[in-house]
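Below is one structure, written out as structure tokens, with a few remarks after it.
Start at 1 and go down the list; that is how both ligands and their atoms are numbered. One-based numbering along the sequence shown.
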Amino acid sequence: MTGRSARPKATMNETIPQLSSYDETSLDAAFATLGAEVRDETSTPHDAEAFRLRWLGRKQGRLKLVSDAWLKSAPAEARKPLGMRFNQLKQQIEAALAGATATPLASAKKAGIDITLPGAVRASGIQHPLLKTMNEIVAVFHHLGYSTALGPQVESDFYNFEALNFPPNHPARDTQDTLVVAGQQSRPSRDRLLMRTHTSPVQIRTMVAQAAPVRIVVPGKVHRNDAADATHSPVFHQVEGLCVDTNITFSDLKGTLDHAMKALFGSGVKTRFFPSFFPFTEPSADVQISCIFCAGKGCRKCKQSGWIELLGCGMVDPAVFASVDQQREAQGLPRAYGTAKISGFAFGMGVERIAMIQHGISDIGHFYSGDMRFLEQFA
Ligand code: DAH
């Protein structure tokens, strides 16, 4: 036997795996090696025609070699399992070839699509101006160590009013014209549901669940039965704040809100605190900032006063702490608020009002109109 006559066989054995036996494990291993080779060759850019020749070539194609070396000499009982695997490999090769010829470019051409035309530009979204302002306010307080708390928009009479020291039929309720949920007459008045008129109920929910110290901000939607006009909307947004700890004083409240107003409107802004009334704070105050349009000189925006009223605040009323402790006890929790050392302050502001002043917007309706010409200005 010469070296030359032995060569064809040697070539075959070099380019396809040796099949040591026809049992299932050996067949699986051998075909897995070939399948992996096909995948390797097609996973990167390749010449489809060279690939076709290498695997399906009539004379020296690898499938032909496999067929010659393995199929022809297979014992009768191995024919079927071998043939099945052979066909699977063939299908894999053909599928790879079909994929290579169906490039996106080729299919687009076939469908008569000119992919060189410019595409439709899809504008990326932006934060709604209200959400932007709300996040700004919340961020100012996060930097002071406050965390965010949330509560439900459908609230009970108890959390929205009673626990905040608005007794049933008290005239203070008239300041918040309320949208109530229908069909609640058979329930005790404290359990009747309504759309929350402010974010203050989350003060109660938080203190009932957690002992002092508390530092939270509460951003959220609130609802009132108000007719829509340039400055009112039946649905609007507030950010509430609550800070309760040992020996919190009115000067802590003043310092905190003065800092927050400077952070939101610029360091040149001044604040002043005006006596006011809220049932859940005592004393209560309205906070005014020096008019940012005329720097306090007096203009149409501030009605010539030089000041703009922006938010309500005050020291947490002892009646609120008492109500919270009562509920904590009812839930088997220790009293945590009605002690001599614990005190706190609260505040609440309207997001729309602040955003309108920040951007000089004169009609609240712009926020809800969905008019792109308005919204695009905040991109
Ligand atoms: N909840 C009040 C309102 O909607 C705003 C408010 C005033 C909140 C004083 C407070 C506060 O926390 O202390 O009219």
Side-chain angles (χ1 to χ4, degrees), residues 134 137-138 140-141 144 146 148-153 155-166 170-179 194-208 214-226 231-245 248-258 260-261 271-289 308-321 323-324 337 343-354 364:
M134 190 144 87
I137 300 169
V138 164
V140 168
F141 289 95
L144 296 176
Y146 287 62
T148 298
L150 299 174
Q153 287 179 56
E155 188 50 284
S156 69
D157 184 282
F158 180 77
Y159 283 115
N160 196 81
F161 289 125
E162 239 184 281
L164 287 162
N165 201 26
F166 293 78
H170 192 279
R173 290 189 176 208
D174 296 348
T175 62
Q176 304 192 356
D177 208 349
T178 309
L179 293 160
L194 45 80
M195 302 307 292
R196 70 173 176 196
T197 56
H198 50 177
T199 41
S200 307
V202 185
Q203 290 186 26
I204 308 296
R205 290 180 172 274
T206 305
M207 288 190 282
V208 170
V214 169
R215 279 178 181 76
I216 51 159
V217 271
V218 185
K221 264 193 181 66
V222 300
H223 307 250
R224 292 198 193 168
N225 189 15
D226 284 337
T231 54
H232 292 85
S233 155
V235 183
F236 60 104
H237 301 79
Q238 290 186 334
V239 175
E240 186 85 11
L242 175 70
C243 166
V244 183
D245 206 332
I248 298 289
T249 67
F250 201 88
S251 14
D252 294 319
L253 166 60
K254 288 185 79 172
T256 303
L257 290 182
D258 186 69
M261 293 304 114
T271 53
R272 69 177 186 182
F273 290 69
F274 233 69
S276 184
F277 173 78
F278 300 100
F280 43 93
T281 45
E282 182 60 34
S284 304
D286 281 328
V287 182
Q288 304 178 345
I289 60 166
I308 295 177
E309 198 173 302
L310 217 53
L311 67 146
C313 65
M315 301 305 289
V316 179
D317 194 303
V320 170
F321 284 148
S323 164
V324 165
Y337 289 91
S343 58
F345 63 76
F347 54 86
M349 55 189 106
V351 179
E352 277 79 351
R353 184 160 165 71
I354 290 179
I364 200 172

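- If you run side chain to side chain contact (heavy atoms under 4.5 Å, CB included) between L311 and each of L257, V239, D286, only L257 comes through.
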Side chain to side chain contact (heavy atoms under 4.5 Å, CB included) between D157 and E162, intermediate numbers included: CA-CA 7 Å; D157 184 282; E162 239 184 281; 4.0 Å; yes

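- Contact annotation for A346 and ligand 1: heavy atoms of both the backbone and the side chain come within less than 4.0 Å of the ligand.
- Of all atoms in ligand 1, numbered sequentially from 1 with element shown, those under 4.0 Å from a heavy atom of F278 are 7 (C), 9 (C).
- Residue contact annotation: M349 has no non-hydrogen atom under 4.0 Å from ligand 1.
- Side chains of L253 and C313 form a contact here, defined as non-hydrogen atoms less than 4.5 Å apart.
- Protein heavy atom at the shortest distance from atom 11 (C) of ligand 1 is F280 CE1, 3.3 Å.
- The shell of residues lying under 4.0 angstrom from ligand 1, judged by heavy atoms, includes R224.
- Taking the centre and axis of the six-membered ring of Y159, the NZ or CZ atom of R205 falls inside the cone set by 45° and 6.0 Å.
- Less than 4.0 angstrom separates some heavy atom of Q176 from each of these atoms of ligand 1: 3 (C), 4 (O), 14 (O).
- Counting atoms of ligand 1 from 1 in the listed order, those under 4.0 Å from a heavy atom of G348 are 6 (C), 8 (C), 10 (C), 12 (O).
- Inspection of the H198 and E240 side chains reveals no N or O donor paired with an N or O acceptor under 3.5 Å.
- Below 30°, between 30° and 60°, or above 60°: for F321 and Y337 the angle between ring planes is below 30°, a parallel geometry.
- Close contacts between ligand 1 and Q203 involve ligand atoms 12 (O) [criterion: under 4.0 Å to a heavy atom].
- In terms of polar-atom proximity, T197 is not counted as a contact of ligand 1, lacking any N or O under 3.5 Å from an N or O of the ligand.
- The only member of N160, D177, T178, D226 that meets side-chain hydrogen bond (donor to acceptor under 3.5 Å, both in side chains) when paired with T197 is N160.
- Side-chain contact annotation: R272 with Q288, donor-acceptor N/O pair under 3.5 Å present.
- At the top of the distance list for atom 12 (O) of ligand 1, counting protein heavy atoms only, stands E240 OE2, 2.6 Å.
- Counting heavy atoms from C-beta outward, T271 and K254 have side chains that stay 4.5 Å or more apart.
- Of all atoms in ligand 1, listed by their number and element, those nearer than 4.0 Å to a heavy atom of G314 are 13 (O).
- Taking 4.0 Å as the cut-off, F345 does not count as a neighbour of ligand 1 on heavy-atom distance.
- Set against the non-hydrogen atoms of T281, the atoms of ligand 1 under 4.0 Å away are 13 (O).
- Taking every non-hydrogen atom of Q238 and a distance limit under 4.0 Å, the qualifying atoms of ligand 1 come out as 3 (C), 4 (O).
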Ring pair (Phe, Tyr, Trp, His ring centres under 6.0 Å) evaluation trace for F347 with F141: CA-CA 12 Å; F347 54 86; F141 289 95; 4.9 Å; yes

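- In the vicinity of S200, heavy-atom distances shorter than 4.0 Å reach the ligand 1 atoms 1 (N), 8 (C).
- Any N or O atom pair closer than 3.5 Å counts here, and F347 shares at least one such pair with ligand 1.
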